[in-house]
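For reference, the structure discussed in these notes is given below.
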Amino acid sequence: MQDPVSICVIGSGYVGLVAAACFAEMGHRVLCVDNDEARVMTLREGGVPIFEDHLPELLAKHRGGVEFTTDLGGAVEASEAIFIAVGTPQGDAGAADLSYVEAVVSEIARHIHSYKVIVEKSTVPVYTNEWIHRVLHRHGVAPQNFDVVSNPEFLREGTAIIDFLHPDRIVVGAATERSANLMRRIYEPLVGGSYYAQPSALPGALSASHPAKLLITSAQSSELIKHASNAFLALKISFINAVANLAEAVDADIEDIAAGLGLDRRIGPGFLHAGLGYGGSCFPKDVAAFHWVAQQRGVNFELLQEIRKINETQKDIFFNKVLSALWTLPGKRLAALGLAFKGNTDDIRESPAIEIVKRLLEAGATVTAYDPAAMERAKAVLPPSAKLRYAAGVYEAAKDADAVLILTDWKEFAEIDLARLNDAVRFPIVIDGRNLYKPQRMLDRGFTYVSVGRPATYQAQQGKPRSGVL
Ligand code: NAD
Ligand code: UDX
């Protein structure tokens, strides 16, 4: 590492903490700030507050290289680049709530005494860059002492570290050459490829001969790239889900259809998995925020509303499948496999699985839930109820169940010992919201199997519902 940069990352959540660990891995000096004292204490003591592959190892490796603090002012003063990675949740009328960003910027302003680059890492609507400028001016920060740069983050939870170190692209929206140059210095190990040449580099798609691509744009373009990327991915998911519903209506198979579509290189195979719909802390709020931006500018972008509506309907359709398979729900015992919004994360924000569990409980069912990582977080949001229990594993959850519901695409749920599952349950019925199994295999293993966008398969003795029921 030739030219380390002093970096301050504000926010130690899924993005801030990953960015801090990865910047240290790239050779920079990092101060990571959070106003959650308990979280900072945990991190200082070597604890890792989120479930993310490679994160514990990287934080242990760079103990001392990343320092955790609640002292935002001190961290700003000691740094050349200040990355803002606080939450931007959904606010009123779909707009992003930027109050955390504004609070941080106001505090940063009091501590700028020499040139700093303020970097928007949080996902923000177009013109946030402009607003940050204005806030800094209003607080009396001299114009020559700062630039504001947009540098959206594209990592996915569950694969965040590898996504960060092996990005498809790095986007930087910078208005001045001085700030663009500092961003070039920060990302040089990935863009120049020196990181990948190190024997200790975490392996991924990129290498010293195929390093990361850096795209420099205006701030507005960079901000729009982030919203447009998330909206486009959400669009792909809603599109395949709508096709799945059509496939079901005509006895076609959505997995074959997705394979056929994905082989077209112009479409690509990614984000074509039909299921319960998208959740998480990004797609739902970012599609809403992007729509709000379009509305504010008088641009018709109702397509974004359709993406959201299809996504909502997907959960209703799944719930109706449960009803159709079980007829009535009061008194039924259901195993819920999965609570996280997707596999390999403990994040339950906007999780379709959580919503389904809530609806099952409201409908009078008894639910035994299991998730490999998200149970503690789920307990904090699901209503305490005698009808809701948590199990330590798949087979315990499935014991005496009237049906097993697969709600999250954990690898563990795709590798269930089906004979053991069949022994555990009361009735061998699996309703799979993530299409983790082949229908014929489930039929052969004695299960009635209902999934998304594929013909359901019924054990003869359980009887196939007549048309119109399912
Ligand atoms: P998060 O809620 O996990 O973390 C935010 C952190 O900021 C929290 O630890 C909170 O305590 C801290 N914070 C809030 N106000 C603060 C303040 N005034 N001073 C210091 N710390 C403060 O959020 P996240 O998932 O990391 O997302 C952060 C941003 O990144 C959002 O804009 C999100 O849309 C975007 N993003 C998220 C992902 C993702 O996969 N989670 C991916 C790309 C982009
Ligand atoms: C997303 C974006 O992918 C990432 O680039 C951005 O930075 C943050 O938001 P994340 O929310 O971590 O990342 O998860 P992602 O893997 O994109 O999945 C989002 C949701 O879509 C999950 O609920 C997932 O189950 C669902 N999904 C994803 C599908 O239903 N089908 C798919 O084909 C892909």
Side-chain angles (χ1 to χ4, degrees), residues 8-20 32-40 42-43 49-50 52 68-73 75-76 83-90 96-108 120-125 128 151-160 163-164 167-168 226-227 229-234 236-241 244 258 262 268-287 289 311 314 338 340-353 407-410 433-435 452:
C8 159
V9 179
I10 303 176
S12 63
Y14 288 86
V15 168
L17 192 53
V18 167
C32 188
V33 183
D34 207 294
N35 61 358
D36 178 340
E37 287 182 16
R39 178 170 276 243
V40 171
T42 302
L43 286 160
I50 57 172
E52 196 58 62
F68 298 100
T69 178
T70 53
D71 175 15
L72 187 144
V76 167
F83 283 74
I84 301 174
V86 297
T88 48
Q90 190 167 330
D97 173 357
L98 297 172
S99 52
Y100 298 100
V101 174
E102 186 180 5
V104 163
V105 173
S106 304
E107 214 178 329
I108 291 172
E120 306 168 346
K121 196 59 158 161
S122 299
T123 301
V124 290
T128 298
N151 174 219
E153 183 47 58
F154 300 100
L155 64 78
R156 293 159 298 172
E157 291 178 19
T159 52
D163 286 348
F164 196 100
D168 288 351
K226 178 60 196 174
H227 266 165
S229 298
N230 272 5
F232 193 81
L233 293 168
K236 278 188 99 175
I237 298 169
S238 279
F239 186 86
I240 203 68
N241 281 332
F271 281 70
L272 289 178
H273 297 293
L276 272 175
Y278 60 77
S281 66
C282 292
F283 286 170
K285 77 162 171 70
D286 291 342
V287 170
N311 199 54
Q314 217 49 26
F341 80 96
K342 66 171 188 178
N344 216 25
T345 179
D346 60 351
D347 198 345
I348 53 154
R349 289 179 283 184
E350 301 291 325
S351 170
L407 304 178
T408 305
D409 57 345
W410 278 97
R434 297 294 179 180
N435 284 2
V452 180

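Atom set for the values below is all heavy atoms of this structure, side chains included, hydrogens, waters and symmetry mates excluded. Both counts, for ligands and for their atoms, begin at 1 and track the order of listing.
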**OP:** Could you tell me whether ligand 2 has any atom less than 4.0 Å away from a heavy atom of Gly279?
**Re:** yes

Subject >> N or O pair under 3.5 Å between His273 and ligand 2 >> reply: yes

Original post:
Do you know which of Leu72, Val101, Val105, Asn35 makes side-chain contact (heavy atoms from CB on, under 4.5 Å) with Ile10?
Top reply: Leu72

**OP:** Provide the number and element of each atom of ligand 2 under 4.0 Å from a heavy atom of Glu153.
**Re:** 7 (O)

**OP:** Report the part of Arg156 (side chain from C-beta onward, or backbone N, CA, C, O) that has a heavy atom under 4.0 Å from ligand 1; answer both or neither where that applies.
**Re:** neither

Subject >> Proximity flag Cys282 to ligand 2, non-hydrogen atoms under 4.0 Å >> reply: yes

Subject >> Exam field: side chain Lys285 to backbone Asp97, donor-acceptor pair closer than 3.5 Å >> reply: no

Subject >> Within-cut-off N or O pair, Leu233 and ligand 2, under 3.5 Å >> reply: no

Original post:
Which residue from Val105, Leu98, Val86 reaches closest to atom 29 (C) of ligand 1 through any of its heavy atoms?
Top reply: Val86

**OP:** Using heavy-atom distances, let me know which of Ala75, Ser122, Gly13 sits nearest atom 4 (O) of ligand 1.
**Re:** Gly13

Original post:
Looking only at N/O atoms, are Asn35 and ligand 1 under 3.5 Å apart anywhere?
Top reply: yes

Original post:
If hydrogens are left out, which of Phe271, Phe341, Phe154 has an atom nearest to atom 5 (O) of ligand 2, that is, the closest non-hydrogen atom?
Top reply: Phe154

Original post:
Is there at least one pair of N or O atoms, one from Arg349 and one from ligand 1, spaced under 3.5 Å apart?
Top reply: yes

Subject >> Structural part of Ala85 in contact with ligand 1, heavy atom criterion under 4.0 angstrom >> reply: backbone

Original post:
Which value, rounded to the nearest 0.5 Å, describes the distance between Leu43 atom CG and Asp36 atom CG?
Top reply: 9.0 Å

Original post:
Polar-atom distance check: Tyr14 versus ligand 1, any N or O pair below 3.5 Å?
Top reply: yes

Original post:
Between Lys342 and ligand 2, is there a nitrogen or oxygen pair with a distance under 3.5 Å?
Top reply: yes

Subject >> Within-shell test, Lys226 vs ligand 2, heavy atom, strictly < 4.0 Å >> reply: yes

Subject >> Asp286 N/O to ligand 1 N/O under 3.5 Å >> reply: no

**OP:** Give a yes/no verdict on whether any heavy atom in Ala103 is under 4.0 Å from an atom of ligand 1.
**Re:** no

Subject >> Identity and distance of the protein heavy atom lying nearest atom 28 (C) of ligand 2 >> reply: Ile237 CD1, 3.5 Å

Original post:
Based purely on interatomic distance, does Thr88 place a nitrogen or oxygen under 3.5 Å from a nitrogen or oxygen of ligand 1?
Top reply: yes

Subject >> Partner of Glu120 by side-chain contact (heavy atoms from CB on, under 4.5 Å), out of Ile84, Thr128, Thr88 >> reply: Thr128

Subject >> Sub-4.0 Å atoms of ligand 2 with respect to non-hydrogen atoms of Glu157 >> reply: 12 (O)

**OP:** For atom 6 (C) of ligand 1, state which one of Leu72, Ile10, Val40, Asp34 supplies the nearest heavy atom.
**Re:** Asp34

Subject >> Backbone or side-chain N or O of Glu157 under 3.5 Å from ligand 1 N or O >> reply: yes

**OP:** Before signing off on this row, confirm whether Tyr278 and ligand 2 have an N or O atom pair separated by under 3.5 Å.
**Re:** no

Original post:
So between Val15, Leu155, Asn344, Asn435, whose heavy atom ends up nearest atom 7 (O) of ligand 2?
Top reply: Leu155

Original post:
What protein heavy atom sits nearest atom 3 (O) of ligand 2, and how far off is it?
Top reply: Arg156 CG, 3.3 Å

**OP:** Heavy-atom contacts with Arg434 under 4.0 Å: which atoms of ligand 2 show up? List them by number with element.
**Re:** 25 (O), 30 (O)

Original post:
Is it the side chain (CB and beyond), the backbone, both or neither of Asp347 that lies under 4.0 Å from ligand 1, heavy atoms counted?
Top reply: neither

Original post:
So is Lys285 polar-close to ligand 1, meaning N/O to N/O under 3.5 Å?
Top reply: yes

**OP:** Give the atoms of ligand 2, by number and element, whose distance to some non-hydrogen atom of Leu272 is under 4.0 Å.
**Re:** 33 (O)

**OP:** Using distance alone, decide if ligand 1 has a nitrogen or oxygen within less than 3.5 Å of any nitrogen or oxygen in Val15.
**Re:** yes

Subject >> Ligand-residue contact atoms, ligand 2 with Phe283, heavy atoms, under 4.0 Å >> reply: 1 (C), 2 (C), 3 (O), 9 (O), 17 (O), 19 (C)

Subject >> Atom indices of ligand 1, in the order listed, that fall short of 4.0 Å to a heavy atom of Arg39 >> reply: 9 (O)

